[in-house]
Amino acid sequence: MKKVSVIIPCYNEAQSIPLLYEELCRLAQSESMYEWEFLFVNDGSQDTTMEVLAGLRKLDKRCNYVDLSRNYGKEVALLAGFDFVTGDCAAIMDADLQHPPRIVHEMLRKWEEGYDDVYARRVTRGKESFLRKRLSLIYYKLLSKSTRLDVLPNVGDFRLLDRCCLDALRQMREQSRYTKGMYCYVGFKKTHVDFETQDRVAGQSSMSYRTLIRLAIEGLTAYTTSPLRWAAGIGVIVSLVSFLYAIWFLIKTIVWGEPVVGFPTLMITMLFLGGVQLLSLGIIGEYLGQVFNETKNRPVYFVRTFNDEKYE
Ligand code: UDP
Ligand code: MG
């Protein structure tokens with residue numbers, strides 16, 4: 001019998017988990033030709049998520065949970081999921097029921113057809129501000145223009161991965177993780193199913209603009225060095241323009257002479273050049289920071305318990 005796992009990263013989801021569990025049971029019941037595993041990764045929640053998970057485990061041995069030693073963020077929680085998951089394939093979904101479990105039926109059919117990575121494509125994005133939607137579209141345009149990876153907009157972590165993808169993803173141990181890019185990086189046979197994002201059942205989103213911007217920068221710097229090239233490009237253009245300007249200035253002074261005016265020009269040029277230099281330095285710094293973090297080569301996360309047992 002083939003085994004299907006579901007990986008669920010949970011951060012302060014005590015209220016949503018029981019509702020999600022009900023849905024998962026319904027799913028497992030109607031797909032009873034598979035053996036099921038529900039792997040919850042508790043990402044250092046501060047509420048009663050752990051108690052809820054331990055309670056579920058007592059009732060139902062299909063539920064496994066990994067308790068991380070602190071809050072590492074969703075991307076790292078997913079890596080823990082990839083490490084501990086035992087199924088022949090694994091569906092990844094959010095704990096807040098924004099990813100409706102019933103879509104997994106369709107995903108499983110595609111998996112049986114031989115696809116390794118069945119991702120769910122949002123046809124609507126649920127309750128999100130206009131600004132957030134626009135920004136995310138612009139971001140994906142930028143990302144796919146500057147990398148050779150085709151990171152799709154409206155595709156998130158909701159997907160079903162075959163064992164081959166899971167094993168590949170486990171081998172990527174970097175600290176700053178942009179999992180969306182990794183799915184593309186590992187390749188394998190992909191296809192999609194459509195779904196409509198639901199609203200959160202309980203609690204609130206923990207992804208602030210700050211986290212999202214951080215993730216966006218990590219996504220860019222981890223998959224492409226083109227910002228460095230943009231900085232160099234701007235440098236070339238600016239030097240060219242200033243060279244032409246210098247020539248013109250020289251001629252002007254020789255032909256017409258130069259009474260001391262031009263303070264504004266001086267100021268503007270200085271500020272502009274200063275700005276460009278700082279920006280370029282910032283971009284280089286961003287990459288250097290990534291290098292610094294990765295060279296430490298620390299374990300990406302630590303586990304406190306697995307199914308209530310101390311984990312070494
Ligand atoms: N999550 C997590 N660690 C975090 C933040 C979020 O494991 O530090 C989980 C969260 O429990 C949920 C999923 O990641 O299952 C998506 O989070 P959220 O709903 O807050 O983000 P959004 O849907 O708004 O992008
Ligand atoms: Mg959510």
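Counting convention: from 1, in listed order, for ligands and their atoms alike. Numbers for residues simply follow the sequence, beginning at 1. On a predicted model such as this, the values are computed, not experimentally measured, just so you know.
Protein heavy atom closest to atom 23 (O) of ligand 1, with residue, atom name and distance, is Q98 OE1, 2.6 Å. When hydrogens are left out, the protein atom nearest atom 21 (O) of ligand 1 is M207 CG, 3.1 Å; that is the closest non-hydrogen contact. With hydrogens left out, the protein atom closest to atom 16 (C) of ligand 1 is D94 OD2, 3.2 Å, a heavy atom. At the shortest separation from atom 18 (P) of ligand 1 among protein heavy atoms lies R200 NH2, 3.5 Å. In terms of protein heavy-atom proximity, atom 14 (O) of ligand 1 is closest to K74 CD, 3.2 Å. With respect to atom 24 (O) of ligand 1, the closest heavy atom belonging to the protein is S205 OG, 2.6 Å. The single protein non-hydrogen atom nearest to atom 6 (C) of ligand 1 is S206 OG, 3.4 Å, given as residue, atom name and distance. Summary of contacts: the protein heavy atom closest to atom 19 (O) of ligand 1 is D96 OD2, 2.7 Å.
Ring-centre distance between Y119 and F158: not below the 6.0 Å cut-off.
Looking at E13 against ligand 1, only its side chain comes within 4.0 Å, counting heavy atoms. Contacts of N71 with ligand 1, taken as heavy-atom pairs under 4.0 Å, involve the side chain alone. The side chain of D43, and not its backbone, has at least one atom closer than 4.0 Å to an atom of ligand 1 (non-hydrogen atoms only; side chain from C-beta on). Both the backbone and the side chain of P9 come within 4.0 Å of ligand 1, judged by heavy-atom distances.
Ring-plane geometry between W111 and Y34 is classed as tilted, the angle between the planes lying from 30 to 60 degrees on a 0 to 90 degree scale.
Residue-to-ligand polar distances place A95 within reach of ligand 1: an N/O pair is separated by less than 3.5 Å.
Short contacts between ligand 1 and C10, defined as distances under 4.0 Å to a heavy atom of the residue, involve ligand atoms 7 (O), 11 (O).
A cation-pi arrangement, defined by a distance under 6.0 Å to the six-membered ring centre and an angle within 45 degrees of its axis, is present between R159 and Y183.
One side chain, Q290 or T221, offers a donor N or O that lies under 3.5 Å from an acceptor on the other. Donor-acceptor pairing under 3.5 Å is lacking for the side chains of E13 and S45.
S32 places no side-chain N or O within donor-acceptor distance of the main-chain N or O of A28, the cut-off being under 3.5 Å. W36 places a side-chain N or O within donor-acceptor distance of the main-chain N or O of E31, the cut-off being under 3.5 Å. Judged by distance alone, the side chain of D43 and the main-chain N or O of Y72 form a donor-acceptor pair under 3.5 Å.
Not a single N/O/S atom of D94, whether from backbone or side chain, sits less than 2.8 Å from the Mg ion (ligand 2).
Using a 4.0 Å cut-off between charged nitrogen and carboxylate oxygen, D194 and R121 count as a salt-bridge pair.
In M270, the CE atom is not crowded: 12 or fewer heavy atoms of neighbouring residues, nucleotides or ligands sit closer than 6.0 Å.
For D96, the N, O or S atom closest to the Mg ion (ligand 2) goes by the atom name OD2.
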